[in-house]
Amino acid sequence: MHRRQDFAQAAKIYQDIIAAAPMVADAWHLLGLLLHQTGQHADGIACIQAAIQRDRCCANYYDSLGSAYRALPDTALAAASHRLAIALEPDNRKPYANLGNALRDHGVMEAAERAYRRAARLDPTHGAALIPLAACLTALGRGGEAARVHRIGVALTPDLSLALDAWAKACLADGGAPDVAERLCERLNAADPGNPERIHNLGLAKLTASTLLTAHLSEAARLVDCGKIRAALDLFKTAGLRHGHGNALRNYFGTALLAIQSGVIDEPVLDSVVVTALPHLAANPGDINAVAVVCYALYRRGKLAVASRFFRKFSRHPSSTGEADAFERFWTMVQGEPRFFATLAAYEPRLLQRRMHHVLAPPRPDAGPIILAGCDEGYWRRFGVAFLASWEERAPSCALHVHLINPSGETRAELERLHAARPAKLSASCEIFDDAGLSNHQRVTYYTCARFAVAERLLREAGVPVVQVDIDATFDADPGAAMAAWPGWDISIMRDKRGRGPMRDFLAGFMAFNATEGGHGFLDLVLRYIGWHFDRGLVFWGLDQAAPYCVFDHLKGTGRAPATVWHDFERFPFLHFLKK
């Protein structure tokens with residue numbers, strides 16, 4: 001009856017036996033095991049302990065006691081009980097495997113691995129014992145070894161689907177064998193075609209095999225398999241909408257967003273995701289990822305103001321996708337409506353007035369165009385030496401201005417020494433800024449945005465073009481020399497033409513501003529845009545790129561766009577951007 005899961009009747013008979021013969025230890029043990037199996041772990045532990053009081057030499061009792069403690073959970077007592085079982089019966093595979101489970105719960109992975117290996121050695125034909133060993137190896141970051149263990153388990157396990165499933169998950173977790181994971185998941189899905197978990201896992205395998213998760217942005221167009229992305233999206237959609245898989249739609253919209261941000265999704269695929277997103281949002285208005293997908297589609301159609309209104313409408317709802325997806329809330333920084341820019345024209349940013357600016361070495365106006373590298377001390381320490389060397393070698397027509405935020409006294413002295421060694425070409429400044437009221441992501445975003453204020457000051461005071469660049473890059477060619485061929489320009493922008501969104505299509509790694517009315521006007525409005533968002537706490541990573549994009553979009557829409565020299569990010573001539 002117990003084995004048939006007729007628990008109520010089995011428990012009554014165990015209790016009758018105990019009432020008639022209370023010294024029968026097995027009855028106490030089996031009643032305790034039944035209570036543990038039905039979720040009554042504390043009562044089960046009491047019964048198993050009663051069995052141990054009647055027979056202190058039965059390893060099986062201690063092993064069952066350990067499993068009940070593990071369910072409480074009390075992993076320390078569970079591990080101690082399994083060790084007692086091993087001491088009494090050291091050649092039994094089962095308590096070693098259960099000890100491994102308890103240690104893995106406790107996070108002691110190395111000890112868990114040893115226990116699992118001992119269990120496997122004691123019964124090398126028991127393939128199921130290899131599944132938790134492989135999972136433990138995966139958790140230890142040894143995915144290749146885990147996959148090899150799974151292969152052995154598949155050969156030995158009667159329940160082949162269980163072993164194949166574990167092997168596929170190990171391959172996905174490791175990331176080093178996506179083709180194997182894909183084949184395994186296809187095999188499992190073919191054998192059980194209506195299983196939502198199998199469909200979802202196949203989608204994960206297709207996504208991993210596409211290389212979307214690992215390809216660097218500069219290589220995405222060449223390396224990412226868009227066919228596999230489409231297949232992954234279809235599988236996630238099927239698992240979520242048709243079969244109700246809990247995580248499938250989350251991965252559906254998440255995959256679409258990553259493909260958009262990597263520039264590898266075409267319009268028909270994006271349109272099909274939007275068709276799914278709109279009715280989904282009617283029932284799930286807090287799904288920020290689904291909202292963002294619609295916003296990207298509107299943006300690609302040139303409807304930035306509609307996209308910003310759409311996001312603000314839905315962002316009032318509590319997020320149903322968790323803090324991990326809060327990154328898409330940077331859509332709150334996207335402004336496209338004329339009335340916003342009407343108020344911005346007279347706005348004086350409060351946050352930017354808090355900074356204490358110090359000029360350590362002023363630039364010389366006759367030194368040519370000024371390259372501006374602005375960052376914090378950490379970035380300067382990491383990238384400054386290589387940046388300086390490449391500037392001197394490959395951008396000789398330009399002066400260099402280094403601006404650091406909250407540098408140490410030692411670093412300030414270093415900047416002064418660098419100026420003394422190159423007085424005609426290198427200038428420096430710093431600012432002391434109290435960032436105590438900013439969150440971590442706001443603080444980092446401020447570092448990327450502060451350089452616009454420095455660029456505006458240099459442009460006004462030196463009266464020469466200012467070229468704002470990332471310091472974690474090296475020069476390939478001289479931008480100052482190229483400027484001679486740019487007729488009547490106001491700004492020069494490095495643009496990504498893949499439709500990756502208003503936070504990514506203007507890249508702050510290179511922006512040049514000319515000392516013209518159009519250049520001054522554009523830069524001034526960008527500073528007001530940045531300050532407005534900081535003053536209201538509406539700041540996420542990407543503001544340094546969203547601000548110039550949205551300002552340009554507004555000026556273009558009102559017929560006042562600055563004369564612009566465009567540079568394609570994928571064929572950018574002046575800088576080599578490091579893969580940090």
Side-chain angles (χ1 to χ4, degrees), residues 351-352 354-363 369-392 394-395 398-419 422 425-436 438-459 466-475 479 494 503 506-513 523 526-527 530-531 534 539-548 572 574-580:
L351 178 104
L352 295 176
R354 282 168 36 190
R355 52 202 291 272
M356 296 178 61
H357 190 272
H358 301 279
V359 178
L360 304 178
I370 299 173
I371 291 170
L372 167 62
C375 61
D376 66 346
E377 185 166 27
Y379 257 52
W380 172 254
R381 291 291 175 203
R382 287 177 64 189
F383 303 110
V385 172
F387 182 85
L388 282 173
S390 72
W391 158 65
E392 289 190 303
R394 296 177 184 149
C398 296
L400 174 64
H401 185 87
V402 178
H403 179 80
L404 297 186
I405 299 173
N406 295 336
S408 64
E410 179 185 354
T411 300
R412 291 178 64 166
E414 178 188 347
L415 290 177
E416 290 169 349
R417 288 194 299 272
L418 289 170
H419 166 70
R422 309 164 180 82
K425 281 292 188 180
L426 190 144
S427 57
S429 60
C430 68
E431 65 181 270
I432 307 304
F433 179 73
D434 181 8
D435 56 11
L438 302 180
S439 67
N440 185 56
H441 72 261
Q442 289 174 329
R443 186 177 301 111
V444 174
T445 302
Y446 177 81
Y447 295 162
T448 64
C449 290
R451 53 189 173 175
F452 285 96
V454 182
E456 190 274 336
R457 183 185 61 80
L458 291 172
L459 197 66
V466 177
V467 185
Q468 178 178 293
V469 301
D470 283 347
I471 199 169
D472 53 337
T474 55
F475 284 92
M494 179 171 60
M503 290 71 68
F506 277 19
L507 302 174
F510 175 93
M511 289 188 184
F513 311 103
L523 192 50
V526 168
L527 277 172
I530 289 170
F534 265 108
V539 174
F540 293 88
W541 181 255
L543 179 58
D544 60 327
Q545 298 181 159
F572 189 68
F574 302 122
L575 291 169
H576 172 71
F577 296 96
L578 307 179
K579 297 179 183 179
K580 294 171 286 185

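Bear in mind the structure is a predicted one, so any value in this text is a computation, not a measurement. Heavy-atom basis, side chains included; hydrogens, waters and symmetry copies ignored.
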How far apart are the closest heavy atoms of [X] and [Y], and which atoms are they?
X	Y	value
Asp544	Ala508	OD2-CB, 3.4 Å
Ser390	Thr474	OG-CA, 3.5 Å
Ile530	Cys449	CG2-CB, 3.8 Å
Val526	Phe452	CG1-CD2, 3.9 Å

Can you tell me how far [atom2] of [Y] sits from [atom1] of [X], rounded to the nearest 0.5 angstrom?
X	Y	atom1	atom2	value
Ser427	Leu458	OG	CG	6.5 Å
Glu414	Glu416	CD	CD	11.0 Å
Phe577	Asp470	CZ	CG	6.0 Å
Met511	Leu372	CE	CG	12.5 Å

task: Determine, stepwise, if the pair His419 / Leu360 fulfils side chain to side chain contact (heavy atoms under 4.5 Å, CB included).
output: CA-CA 9 Å; His419 166 70; Leu360 304 178; over 6 Å; no
task: Evaluate side chain to side chain donor-acceptor pair (under 3.5 Å) for Thr448 paired with Thr445, printing each intermediate quantity in order.
output: CA-CA 5 Å; Thr448 64; Thr445 302; 5.3 Å; no
So do the side chains of [X] and [Y] get within less than 4.5 Å of each other, counting heavy atoms only?
X	Y	result
Arg457	Ser429	yes
Pro479	Phe510	yes
Pro407	Trp380	no
Leu400	Leu388	yes
Ile405	Tyr446	yes
Leu415	Leu404	yes
Val469	Leu575	yes
Pro369	Cys398	yes

query: Step by step, would you call Arg381 with Thr411 a side chain to side chain donor-acceptor pair (under 3.5 Å)?
result: CA-CA 9 Å; Arg381 291 291 175 203; Thr411 300; 2.8 Å; yes
Do [X] side-chain atoms and [Y] backbone N/O form a donor-acceptor pair below 3.5 Å?
X	Y	result
Gln442	Ser439	yes
Gln545	Met503	yes
Trp541	Val444	no
Asp376	Tyr447	no

field: Presence of salt bridge, Arg451 and Glu431, under 4.0 angstrom
entry: no
field: Carboxylate-amine/guanidinium proximity below 4.0 Å for Glu392 and Lys425
entry: no
message: Determine whether Phe475 and Phe387 satisfy the following criterion, ring pair (Phe, Tyr, Trp, His ring centres under 6.0 Å), listing intermediate values before the conclusion.
response: CA-CA 8 Å; Phe475 284 92; Phe387 182 85; 5.5 Å; yes
task: Tell me, with the steps shown, if His358 and His403 meet ring pair (Phe, Tyr, Trp, His ring centres under 6.0 Å).
output: CA-CA 10 Å; His358 301 279; His403 179 80; over 10 Å; no
- prompt: Are Gln468 and Ile371 close enough, and set up right, to give a side chain to side chain contact (heavy atoms under 4.5 Å, CB included), and what steps lead you there?
  reply: CA-CA 6 Å; Gln468 178 178 293; Ile371 291 170; over 6 Å; no
